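What follows is a single structure, written as structure tokens, with notes after it.
From a predicted model like this one, the values you see are computed outputs, not experimental measurements.
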Amino acid sequence: MATSSKSNAETMANELAHSLEATMGRLQNIWDEIGIMEEQRKDRRKVVLHHLQALLEEMVAEEENLRTRLLQSVEDCGKELLKISKELHVPVYEPEEGLTILTLEKELRTRVDTLSKEKHDRMKQLSSLKEKEQQLCDTLCTTPFYIAPDTVPSNDQLAKLRQHISTLQTEKNTRQEVFLETKRKIITYLDDLDLTPNSSFERDVVCEDEESFVLSSDNMAALQTLCAELEKKQNDLIAMASDLRIQVTTLWDRLMIEQSEREAFNRDNQGFKPRVLKALREEIERCRELKLQNIRRYVEGLRAEITQLWNKCYFSQEQRNQFTEFFSDDFTEDLLEIHDQQVASLKQYYDNNRDILKFVEKWEDLWKKMLEFERRANDPSRYNNRGGGLLQEEKERKKVHKLLPKVEEEVSRAIREYEQKTGQPFLVDGCPFLDYVTAQWNKHNEEKEQEKHRRHLAKAKQLEEEQKNGSKPATTPKRRFLTTPTKTPTKRKKTPKTPGGRLPKSRPPLPGSGLRKALAERNTPDRTHGFSMSTLSGSSGTNASLMSCGTYSEFSREVPCRSSAISVIPDEEAVHL
């Protein structure tokens, strides 16, 4: 490098010497032509030399000044670069060795410019993000993300600030949705309750612009509290209105108020607003006054309701007779109060045992269906049906016979659980459920025997009349004394027979075994059971044996008339007929 510089300097000197020689030659010629004397020429040569020296000195001074400025720039850029590097948390630039002043200055200045632009961008981003964050923080009343003031944020800090803003925005959106929904509910509650906002907070919620509401944690909690309080008030009013309507309806029923009057009142007093509650209370008071004025009529209404509840609860006649006031003719306020208490007590009993009573009702419905199927089986006209009704009837009959023991088992299990839980017996028509079921079967079989006996008597009487009067039988002797038909009709070919060729006399036993289960409440007000304790206490050996049965299988074995065959014709007398 030094050799090259020296060579360049020599070349430059040679060029300058050549140029100076040529220039001085031209000046010499000019001076010759002009005729300037030698002394003057010396002075002029000194001037030329002075000018050349001055020019070179000036040039050197300028270059030295340039060098000084470059060095100063290098120093300034170095300081600035060090400062910005620290602010931006980046490594300080270390220049390579051997760089010229100009190259070093350029490198430092370029890096300063780059880092200065980076600093400017970060500060601009910080300002924009801080503005957004501050708005969200003001709305949510939360603390901003901390970045030391008058510092350049790092990229990591800016990323965390963006994440913080995103979280705040999500929270704001969530709270805004909750606020709008809750505000809608509050307005609805206030309208339903005939209320107006009476506090500054309520007015802020209902009346102010939605965007101006501060979605702070405290405000959101207060908003939920207000909504919950109004909802509770509404629920309380709904429950109160429902209770008042039940009281009004009960009073109407007992006072036998006309339906048109009821509809008119209900049409004008819908909902649960305070005005409606007031009207309901006034109607209750009016009806109570009417009740006192019409005690006899009201008591009779209560007695009709008590009878319905007795039926639904399967109370026996003995249990009913215990309420002696039911038969009193002394219609006073005390009698009215006693009947009111009895209704409340029966309703409580029914509500406490609703499931078991439903099971009992279900069993009784199936029992009635079974009796109806047996009644149809004894009707000879049923075979005139050629439309497939017999097949459908047989399917339904089998279904009933299958369900009946299952329901008995459900009832018994529910009753056992009730008795284990309460330590008290559960009675159906004044006796245990299994005894009730057994008594129903006893009564049914007795009625069948009585019907058979009546047919025998009627037949004997008819034969006696025929022999006495010599009248011709309505049927031919062949048909009259035929035990079994000579040719089984097509629809009877598969009918099973008992030994001796006779058709069975009774319905088949119910399939399955096990304990019987409880039936549900009765809904028919005038429903009676056709069962009394005298049935259970009869002297018949068969009845006593049936009473001792503990399971359905034992019961079916103890009833000889419940054959397993399908009864198509009930007995042999039907064939003669």
Side-chain angles (χ1 to χ4, degrees), residues 174-208 210 213-255 257 259 261-292 298 301-302 305 308-309 312 336-337 339-355 521:
T174 302
R175 293 187 183 183
Q176 188 74 18
E177 293 177 2
V178 173
F179 167 71
L180 294 176
E181 178 64 20
T182 308
K183 176 180 179 179
R184 183 189 63 78
K185 291 181 179 180
I186 289 174
I187 293 175
T188 302
Y189 291 148
L190 291 174
D191 181 64
D192 291 342
L193 299 172
D194 277 345
L195 297 176
T196 56
N198 55 8
S199 67
S200 59
F201 179 77
E202 292 179 3
R203 287 191 291 272
D204 289 343
V205 172
V206 176
C207 305
E208 295 297 329
E210 296 171 353
F213 184 79
V214 179
L215 302 174
S216 64
S217 299
D218 292 340
N219 282 353
M220 296 302 293
L223 189 71
Q224 294 297 332
T225 300
L226 174 61
C227 184
E229 290 176 353
L230 294 175
E231 183 179 13
K232 183 178 183 303
K233 288 182 180 179
Q234 186 189 63
N235 292 336
D236 291 343
L237 291 182
I238 292 175
M240 187 181 301
S242 177
D243 181 65
L244 291 174
R245 283 193 172 89
I246 292 174
Q247 295 182 46
V248 169
T249 302
T250 302
L251 290 168
W252 282 346
D253 292 340
R254 293 170 182 172
L255 293 170
I257 301 298
Q259 186 63 30
E261 183 178 349
R262 302 186 188 193
E263 292 176 355
F265 179 84
N266 289 331
R267 186 169 51 252
D268 296 335
N269 297 281
Q270 299 179 1
F272 48 86
K273 291 185 177 181
R275 174 189 62 79
V276 176
L277 297 180
K278 180 181 178 182
L280 289 170
R281 292 190 183 97
E282 292 175 350
E283 179 65 11
I284 290 174
E285 290 301 320
R286 185 184 74 85
C287 290
R288 285 176 177 171
E289 292 178 2
L290 289 176
K291 180 179 71 172
L292 295 177
Y298 194 83
L302 286 174
E305 187 174 357
Q308 294 179 7
L309 290 169
K312 292 171 66 174
L336 178 62
E337 180 65 24
H339 279 69
D340 274 329
Q341 294 174 1
Q342 181 69 6
V343 169
S345 176
L346 290 172
K347 286 183 177 180
Q348 184 65 38
Y349 176 83
Y350 179 80
D351 291 338
N352 293 340
N353 304 283
R354 183 186 298 272
D355 295 338
E521 66 174 289

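- Remark: Tyr189 pairs with no residue by the ring pair (Phe, Tyr, Trp, His ring centres under 6.0 Å) rule, at least two apart or across chains.
- Side-chain atoms of Phe201 and Asn219, non-hydrogen and from C-beta on, do get closer than 4.5 Å to each other.
- Interatomic distance, CG of Leu251 versus OH of Tyr298, reported as 4.5 Å (0.5 Å rounding).
- Here Arg275 contributes atom CZ and Leu280 contributes atom CG; the two are 9.5 Å apart, rounded to the nearest 0.5 Å.
- Under a 3.5 Å cut-off, the side chain of Asn352 and the backbone N or O of Gln348 do form a donor-acceptor pair.
- Partners of Arg262 according to the salt bridge (Lys or Arg N to Asp or Glu O under 4.0 Å) rule, which considers only residues two or more places apart in sequence or in another chain, are Asp253.
- Ser345 places no side-chain N or O within 3.5 Å of a backbone atom of Gln341 that could act as its donor or acceptor partner.
- Residues Glu285 and Arg281 fail the side-chain proximity criterion, which asks for heavy atoms closer than 4.5 Å.
- In this structure the side chain of Phe272 never reaches within 4.5 angstrom of the side chain of Leu244, judged on heavy atoms.
- With sequence neighbours excluded, the residues that form a salt bridge (Lys or Arg N to Asp or Glu O under 4.0 Å) with Arg175 are Glu171.
- Between Arg286 and Glu283 a salt bridge is recorded (basic side-chain N to carboxylate O distance below 4.0 Å).
- Taking the side chain as every heavy atom from C-beta outward, Leu215 and Met220 approach each other to under 4.5 Å.
- Residues Leu223 and Ile186 are in side-chain contact: their nearest non-hydrogen atoms beyond the backbone lie under 4.5 Å apart.
- One finds the CD1 atom of Ile284 at 7.5 Å from the CG atom of Asp243 (value rounded to the nearest 0.5 Å).
- To the nearest 0.5 Å, atom CD1 of residue Ile187 and atom CG of residue Leu230 are 11.5 Å apart.
- Listed by first then second residue, pairs satisfying salt bridge (charged side-chain N to carboxylate O under 4.0 Å, His left out) with a partner in residues 223-237 read Lys232-Asp236, not counting sequence neighbours.
- With contacts defined as side-chain heavy-atom distances shorter than 4.5 Å, the pair Gln224/Val178 qualifies.
- Contacts of Lys273 classified as salt bridge (Lys or Arg N to Asp or Glu O under 4.0 Å), with partners at least two apart in sequence or in another chain: Asp194.
- Residues forming a ring pair (Phe, Tyr, Trp, His ring centres under 6.0 Å) with Tyr349 (at least two apart in sequence, or on another chain): Phe315.
- In this structure, CD in Gln259 is found 10.5 Å from CD in Glu261, a value given to the nearest 0.5 Å.
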Test Gln342 against Leu302 for side-chain contact (heavy atoms from CB on, under 4.5 Å), laying out the working first.
CA-CA 9 Å; Gln342 181 69 6; Leu302 286 174; over 6 Å; no
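- For Ser242 (side chain) and Ile238 (main-chain N/O), no donor-acceptor pair under 3.5 Å exists by modelled atom type.
- Leu255 and Cys287 get closest at one heavy-atom pair: CD1-O, 3.4 Å.
- Contact detail for Val343 and Leu309: the closest heavy-atom pair is O-CD1, 3.9 Å.
- Here NZ of Lys183 is found 12.5 Å from CG of Leu226. Values are rounded to the nearest 0.5 Å.
- The two residues Gly271 and Arg245 make their nearest non-hydrogen contact at O-NH2, 2.7 Å.
- Taking 4.5 Å as the limit, every side-chain heavy atom of Arg184 sits out of range of all side-chain heavy atoms of Leu180.
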